[in-house]
Amino acid sequence: MSQYAKIIVDVPTMQTDQPYTYSIPAVLTNQIEIGMRVIVPFGNGKRLVQGFVIDLFDKNEFDGRVKDIQSVVDLRPVVNTELLDLSEWIANETFSFRITALQMVLPSVMRATYKKRVRLIDEIDENLQDKLFQGQDSIDFDPEHMDAQIIKELLQLTKAEKAEMIYEVGNKAKVKMQLSIQPKLGFEVYENIRSGLRKNAKQQHLLVDYLQSLTENSLIPQKQVVEEVGVTPATITAGAKNGWLEKVETEVYRDPYKDTIIEPTDMQELTSDQEVAVLAVDEAIKSGTNKTFLLQGVTGSGKTEVYLQTIAKALELRKTALMLVPEIALTPQMVKRVKSRFGDLVAVLHSGLSDGERYDEWRRIERKEAQVVVGARSAVFAPLDNIGVIIVDEEHEASYKQDETPRYHARDVVLWRSKRHQCPVILGSATPSLESRARAQKGVYEWLQLPHRINGHPMPEVTLIDMREEMKKTGESNFSEPLRHEITKRLEKKEQTVLMLNRRGFSSFVMCRDCGFVLPCPNCDTSLTLHMDTHTMKCHYCGHEEGIPKTCPNCHSRKIRYYGTGTQKVEEELKTLYPEAKILRMDVDTTRKKGAHEKLLAKFGAKEADILLGTQMIAKGLDFPDVTLVGVLNADTALSLPDFRSSERTFQLLTQVSGRAGRAEKEGHVIIQTFNPDHYAIQYAKHHDYESFYKKEMSVRHMENYPPYYYTIQLTASYTDEAGAAKKMLEAVQFLKPVLSKNAIILGPTPKSIMRVNNRFYYQVVIKYKSEGQLKERLRELMTKSQAEVRKGLKLTIDSEPVNFI
DNA sequence: AGCACGCCGACT
DNA sequence: GTCGGCGTGCTC
């Protein structure tokens with residue numbers, strides 16, 4: 001029977017990033033447990049905030065006024081001790097607030113909502129009450145959407161104690177309820193009731209017949225009864241009145257896949273390589289060994305089957321399993337594959353779900369109804385108990401790193417949880433990140449390989465097209481001679497083609513042919529991008545939108561035209577080249593709507609189109625047997641970016657798209673158009689040679705002191721004026737230098753490559769280091785020290801092991 | 001974050 | 001003279 005609780009309050013600032021002590025009032029005795037959410041008064045006024053109970057104890061050591069907890073939000077803890085510890089670890093590792101880290105491990109609907117109301121507590125002039133309260137005795141107080149005069153008067157009333165401010169802490173999480181009916185009587189009783197009915201009471205006869213056919217106390221949704229039996233809700237209500245049945249509200253899950261028909265499938269027979277892998281992991285599951293496996297297998301080598309069978313092994317031991325997949329690879333095909341093996345035991349978590357669906361999947365996991373979780377990055381926080389195995393598919397994917405605070409890497413969280421659960425981890429990829437591959441080399445990870453494709457087919461032939469030469473021949477076209485030729489051949493043979501446009505650094509902008517003027521964003525240092533679908537110019541950084549200019553704003557020339565290569569423009573060119581071909585375009589614009597992505601792919605899979613044109617998103621996991629040609633229109637736009645990982649990214653991307661050709665019986669062909677045909681990333685991708693790429697890239701990283709030889713940390717400051725941001729980063733360097741050894745390398749401060757975004761100026765510093773015991777502590781001090789400036793509009797972010805350097 | 005307190009300019 | 005602007009300190 002604890003009397004006090006330590007609480008992390010929902011006020012995300014550096015100053016309040018610490019547990020606060022609250023007393024537990026007598027009415028709440030024994031109701032409060034660690035991991036529950038509570039509502040507490042916080043601050044001078046009557047402000048109420050939500051908080052998480054992180055500890056309970058008896059003796060108060062805080063000498064100051066201790067307030068009572070106002071109320072509890074949950075009946076049972078929502079954050080278990082594992083996730084509590086995990087959130088603390090993440091807050092530490094990522095320099096984020098504990099409250100932010102706590103909220104992150106829960107579905108977003110469970111975040112508190114705050115509202116203020118003003119309520120009259122004294123008589124006031126009737127006219128005034130009409131004006132301020134619209135006749136009511138209380139009104140929502142929302143200064144954002146209220147007249148300044150009204151706000152003022154309301155505040156005056158509160159000051160004069162004629163009105164009071166009421167703080168409301170809300171909860172968006174809603175459990176969906178469904179009205180069901182429950183037969184309450186036995187067979188004979190219904191028999192009697194029926195004989196007492198009038199002959200022409202058709203509806204009542206139907207209902208009684210139906211009730212009689214059910215077992216007593218079974219629950220049937222009313223909706224279903226209305227549909228299947230053909231009785232009206234009114235009849236059911238009447239039945240309830242007569243005591244024939246009872247109406248019951250029951251909880252239902254919003255199931256995102258309820259309309260998907262899933263046929264159960266059996267395990268596939270394993271190749272000997274797969275067998276070795278499954279056995280190794282199984283052994284670790286059985287012995288409860290916290291071991292990490294790097295499963296490196298070429299596309300089509302059957303990594304997924306290895307995942308599924310290890311999951312099955314975990315389930316056999318009554319353990320659970322977690323499988324992470326990159327968001328874009330989490331297609332219905334993928335989900336179906338897992339669900340068809342494990343049925344209702346599977347919960348799926350990804351960004352395509354509505355908040356309600358996500359919440360319900362989360363509750364199914366939490367209640368142990370789901371034992372297999374498949375999901376994107378944030379699914380790593382699934383409240384699974386007794387985890388037997390954790391899988392990270394496509395472990396090299398940059399999207400596993402969250403690019404907002406808390407900037408955690410799902411792979412790191414997985415390793416933390418595996419330690420906690422004493423279970424193995426499988427990191428799977430055809431093109432592992434250098435970090436992981438290097439760890440496998442050193443024996444930190446156990447290296448499992450699947451070097452052969454299951455169907456025994458050779459990897460597709462890859463042809464490089466030197467666009468420097470081609471440009472001389474074809475001019476401004478996006479399609480080289482050989483690529484056009486191959487597309488034509490596919491159209492004749494009725495085979496399918498996939499074309500990929502490497503979107504990075506690519507977009508259509510508008511330029512004046514007379515003076516070279518490019519339409520800039522007024523808020524950012526970028527040019528606006530043309531969007532055909534909305535007929536506007538948009539900024540991809542701040543969302544600014546304006547009309548398409550007809551004349552050049554600079555020289556008033558009418559010769560203002562599109563440039564560059566957006567998917568829309570390529571699509572237009574394709575249509576002119578192949579007027580008879582059916583083309584599907586897949587990019588951010590065509591897949592924005594929920595489910596659009598799936599529909600497009602289903603269409604292509606059903607051979608309703610000849611050519612699929614898209615951005616990176618088509619590179620992942622698509623499996624279409626009739627695709628025999630894959631074309632990459634611009635292989636190297638990413639290569640020139642000032643990011644040390646650009647070679648690695650290019651190699652991974654090209655290797656992945658290449659894997660899309662010739663998955664089934666037919667032989668595939670890949671054509672890569674490039675301006676750098678001799679670049680090693682492109683050469684090794686052509687030869688499907690990961691190992692050589694790995695060696696070459698490791699030597700580059702070694703020479704240039706980059707990961708995996710060095711750790712990196714990136715500091716970014718942004719401010720409303722450039723000097724302020726630059727000054728802050730200079731100060732930061734001065735502040736950090738004293739604790740850094742001479743082995744640490746400081747890059748910068750430099751302006752970010754797009755220095756101005758949304759009228760804020762960005763400067764950065766990157767520190768490369770091997771071992772700096774005091775660095776993290778010092779960085780935390782830097783954040784505390786900067787509080788005053790943060791209040792004045794400075795934004796300071798610290799990103800440990802950033803994945804994007806631009 | 002959001003609230004109270006406190007100190008200076010321009011208004012009923 | 002007071003109202004209200006925002007700079008500063010604190011929140012169990």
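Within the nucleic acid shown, Q18(A) has no heavy atom closer than 4.0 Å to any nucleic acid atom. Contacts of P19(A) with the nucleic acid, taken as non-hydrogen atoms under 4.0 Å apart, are absent. Within the nucleic acid shown, Y114(A) has no heavy atom closer than 4.0 Å to any nucleic acid atom.
Each of Q50(A), Q103(A), R37(A) was evaluated against D10(A); a single residue qualifies, Q103(A), per the side chain to side chain donor-acceptor pair (under 3.5 Å) test.
Put simply, CD1 on I151(A) is 14 Å from C1' on dG4(C), counting in whole angstrom units. The NZ-P distance, from K6(A) to dC12(C), rounds to 13 Å in whole Å. For I8(A) and dA1(B), the CD1 to C1' distance is 16 Å, given to the nearest whole Å. Protein atom CD of Q50(A) is 17 Å distant from nucleotide atom C1' of dG2(B), rounded to whole Å. Rounded to whole Å, the distance from OH on Y20(A) to C1' on dG2(B) is 13 Å. Spacing between atom CE of M14(A) and atom C1' of dT8(C) amounts to 19 Å, rounded to whole angstrom units. Rounded to whole angstrom, the span from the OH atom of Y22(A) across to the P atom of dT11(C) amounts to 11 Å. Note: CD (Q15(A)) to C1' (dG2(B)) measures 12 Å, nearest angstrom.
Mapping N44(A) and V790(A) onto DNA chain B via the closest heavy atom, the residue that lands nearer the 5' end is V790(A).
Considering only side-chain N and O atoms, K152(A) lies under 4.0 angstrom from the phosphate OP1 or OP2 of dG4(C). Side-chain N/O atoms of K116(A) include one lying less than 4.0 angstrom from OP1 or OP2 on dC3(B).
For the 3.5 Å distance criterion, the side chains of S23(A) and D68(A) qualify, holding a donor opposite an acceptor.
At least one test fails for K728(A) against the ring of Y719(A): distance under 6.0 Å to the centre or angle within 45° of the axis.
The aromatic ring of F42(A) does not stack onto the base of dC12(C), failing the criterion of a centre distance under 5.5 Å from the six-membered base ring together with planes under 30° apart.
Using a cut-off of 4.0 Å between Lys/Arg side-chain N and Asp/Glu carboxylate O, E789(A) and K792(A) are scored as not salt-bridged. Checked for salt-bridge contact, K401(A) and E435(A) miss the test: no charged N lies under 4.0 Å from a carboxylate O.
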### Message
Walk me through whether Y20(A) and F42(A) qualify under ring pair (Phe, Tyr, Trp, His ring centres under 6.0 Å).
### Response
CA-CA 10 Å; Y20(A) 285 86; F42(A) 192 71; 5.0 Å; yes

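Ring geometry, H409(A) versus Y400(A): the interplanar angle falls from 30° to 60°, so the pair is classed tilted.
Within residues 63-70 of chain A, the residues having any heavy atom under 4.0 Å from DNA chain C are, by residue number, R65(A), V66(A), K67(A).
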